[in-house]
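Beneath this line is the structure, given in structure tokens, with notes to follow.
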Amino acid sequence: MLDGAGDASTDHAVEAPAGDVTGSDVAQESVVSACKPTAGVLVAPQAGGPITVDGDLGDWGSTAFTLLDASDAALIMGPNGTCTAANATSKCLVPNGETAEFAFLRDSTNLYIGARVTVPNVGGGSTMNPYTNDAIEIYLRGDAFPTGDYTTLDHQYVVDWQNLVFDYGPSQTDTGLPNPPGVTSAVKVASGNNGYVVEVKVALSELGQPSLAPGQMLGLDFGVDHGQGTEATRSFLVWWMATHAPPPCATPKCTGCSPDQPFCDTLDFGLLCAD
């Protein structure tokens with residue numbers, strides 16, 4: 001596991017290439033792309049070169065990032081229950097100005113997740129519950145026929161600003177599994193302590209996939225936590241909450257989940273398309 005402390009001030013901003021996009025460019029892209037733009041579906045392009053997991057996203061090129069904040073979160077939670085964007089700060093303790101940008105890349109055997117989080121005063125000192133600190137949550141589902149229950153092919157990876165990594169997926173209890181197999185991560189905290197960058201590599205074998213073919217889908221969700229190391233200070237934003245019938249799940253983790261959330265119900269996930 002790589003050291004989590006560092007300075008993200010030199011991390012490169014990821015922007016679209018300069019210049020206008022011509023009609024021929026668009027036509028060419030539509031031919032070669034294996035993934036159609038659809039709500040709830042994000043894309044994992046093939047990496048253009050080696051990705052070094054060091055918390056610096058400069059080798060991610062022009063990869064498109066997705067924005068998550070209180071104004072567009074599908075689920076907002078805090079110590080006083082669920083919230084709307086209007087009362088996210090007052091009721092759910094979501095800090096003003098908190099945003100997260102996240103993106104994905106892949107190579108022949110791995111999936112890469114990059115995230116930039118902007119938040120006042122990065123912190124939270126828990127060493128056992130990283131989700132009560134400033135952290136990101138990555139939900140990945142490898143099941144071809146999901147029921148809502150987590151299986152050995154499904155994972156909830158939490159990576160906090162200290163580079164503390166736990167997996168709360170499969171049959172894990174609320175205590176989670178620290179330093180899960182097949183995961184490499186690195187974190188850099190901005191010099192002004194007003195944000196952090198997370199870079200994660202997950203072996204596709206952890207999802208039951210030796211590789212990903214163009215157009216192949218995986219279940220995906222993403223969340224961002226903010227807190228000072230306790231449940232009483234924690235806020236939580238979730239990117240996607242899929243609408244579905246009551247899940248046919250059987251485990252207590254799924255059947256007893258209230259309110260419904262990706263932690264216990266894998267049918268809430270969106271999708272990730274390999275491009």
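Excluded from the calculations below are hydrogen atoms, water molecules and symmetry mates; all remaining heavy atoms, backbone and side chain alike, are included.
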Q: Would you give the length of the straight line joining atom NE2 of His155 to atom CG of Leu153, rounded to the nearest 0.5 angstrom?
A: 6.5 Å

Q) Does a side-chain heavy-atom distance below 4.5 Å link Pro181 with Leu177? A) yes

Q. Taking the side chain as C-beta and beyond, is there a heavy-atom pair between Phe65 and Arg116 under 4.5 Å?
A. yes

Q.
Run Phe104 and Val43 through side chain to side chain contact (heavy atoms under 4.5 Å, CB included) and show every step you take.
A. CA-CA 7 Å; Phe104 304 88; Val43 175; over 6 Å; no

(Q) Could you measure the distance from the CG atom of Asp221 to the CG atom of Leu272? Nearest 0.5 Å is fine. (A) 11.5 Å

Q) What closest approach, in Å, do Pro120 and Pro95 show between heavy atoms, and which atom pair accounts for it? A) CD-CB, 4.0 Å

Q: Using atom types as modelled and distance alone, determine if a side-chain donor or acceptor of Ser126 lies under 3.5 Å from a backbone N or O of Asn129.
A: yes

(Q) As an exercise, state the distance from OG1 of Thr52 to CG of Leu57, rounded to the nearest 0.5 Å. (A) 11.5 Å

Q | Distance in Å, Met241 CE paired with Asp268 CG, rounded so as to fall on 0.5 Å steps | A | 4.0 Å

Q | Shared hydrophobic cluster, Val53 / Trp60 (ILVMFWY, side-chain heavy atoms < 4.5 Å) | A | yes

Q. From Cys273 SG over to Arg106 CZ, what is the distance, rounded to the nearest 0.5 angstrom?
A. 8.5 Å

Q.
In the structure I gave you, are the side-chain heavy atoms of Pro178 and Val165 within less than 4.5 Å of one another anywhere?
A. no

**Q.** Test item: Asp160 side-chain N/O and Asn163 main-chain N/O as donor-acceptor pair under 3.5 Å
**A.** yes

Q) Side-chain donor-acceptor pair under 3.5 Å between Asn133 and His226, yes or no? A) no

Q: Would you sort out whether Glu137 and Arg234 count as a salt bridge (charged side-chain N to carboxylate O under 4.0 Å, His left out), showing the intermediate values?
A: CA-CA 13 Å; Glu137 304 203 9; Arg234 180 195 181 222; 3.3 Å; yes

Q: Please examine the side chains of Val94 and Ile76, heavy atoms only from C-beta on, and report whether any two atoms are closer than 4.5 Å.
A: yes

Q. For Asp69, does its backbone N or O pair with a side-chain atom of Asp72 as donor and acceptor, under 3.5 Å?
A. yes

**Q.** For Ala186 against Gly55, the heavy-atom pair lying closest together
**A.** CB-N, 3.5 Å

Q | Salt-bridge criterion met for Lys201 and Glu206 (N-O under 4.0 Å) | A | no

Q: Start with the C-alpha gap between Trp161 and Val198, add the side-chain angles, then the distance that decides, and say whether side chain to side chain contact (heavy atoms under 4.5 Å, CB included) holds.
A: CA-CA 8 Å; Trp161 69 278; Val198 183; over 6 Å; no

Q | Nearest heavy atoms of Val41 and Trp239, plus distance in Å | A | N-CH2, 4.3 Å

Q: Anything under 30° is parallel, anything over 60° is perpendicular, the rest tilted; go ahead and classify Tyr168 against Phe166.
A: parallel

Q. Side-chain contact, heavy-atom cut-off 4.5 Å: Leu75 with Leu237?
A. no

Q. With a 4.5 Å heavy-atom cut-off, do Tyr112 and Val200 have their side chains touching?
A. no

Q) When you measure from the side chain of Asp275 to the backbone N and O of Ser33, does any donor-acceptor pair fall under 3.5 Å? A) no

Q.
Walk me through whether Leu140 and Leu111 qualify under side chain to side chain contact (heavy atoms under 4.5 Å, CB included).
A. CA-CA 10 Å; Leu140 295 170; Leu111 180 68; 3.8 Å; yes

Q) How close do Asp149 and Ala250 get, heavy atom to heavy atom, and via which atoms? A) OD2-N, 2.8 Å

**Q.** Side chains of Gln209 and Gln216 in contact at under 4.5 Å (non-hydrogen atoms)
**A.** yes

Q.
Are there over 12 heavy-atom neighbours, none belonging to Asn121, within less than 6.0 Å of that residue's CG?
A. no

Q) Hey, do the aromatic rings of Tyr131 and Phe263 have their centres closer than 6.0 Å? A) no

(Q) Using side-chain heavy atoms (C-beta onward) and a distance below 4.5 Å, is Leu68 in contact with Val224? (A) yes

Q | Asp154 side-chain N/O to Gly169 backbone N/O, donor-acceptor pair under 3.5 Å | A | no

Q) Val187 pairs by side chain to side chain contact (heavy atoms under 4.5 Å, CB included) with which of Val122, Val117, Val159, Val197? A) Val159

**Q.** Transitive ILVMFWY side-chain link Leu93 to Phe236, under 4.5 Å
**A.** no

Q: Look only at the side chain of Asp265 and the backbone of Leu267, and say whether a donor-acceptor pair between them is shorter than 3.5 Å.
A: yes

Q. What's the spacing between Thr266 OG1 and Lys253 NZ if we round to 0.5 Å?
A. 9.5 Å

Q.
Would Ile51 and Asp107 count as a side chain to side chain contact (heavy atoms under 4.5 Å, CB included) here? Give the steps.
A. CA-CA 9 Å; Ile51 299 297; Asp107 60 22; over 6 Å; no

Q: Quick one: sort the Tyr150 and Phe269 rings into parallel, tilted or perpendicular, breaks at 30° and 60°.
A: perpendicular

Q. Can the SG atoms of Cys264 and Cys257 be said to lie under 2.5 Å from each other?
A. yes

Q. Between Thr132 (side chain) and Gly229 (backbone), is there a donor-acceptor pair under 3.5 Å?
A. yes

Q. So, for Gly78 and Cys92, which heavy atoms are closest and what is the spacing to 0.1 Å?
A. N-SG, 3.3 Å

Q.
If you compare all heavy atoms of Ala232 against all heavy atoms of Pro79, which two are closest, and at what distance to 0.1 Å?
A. O-CG, 3.4 Å

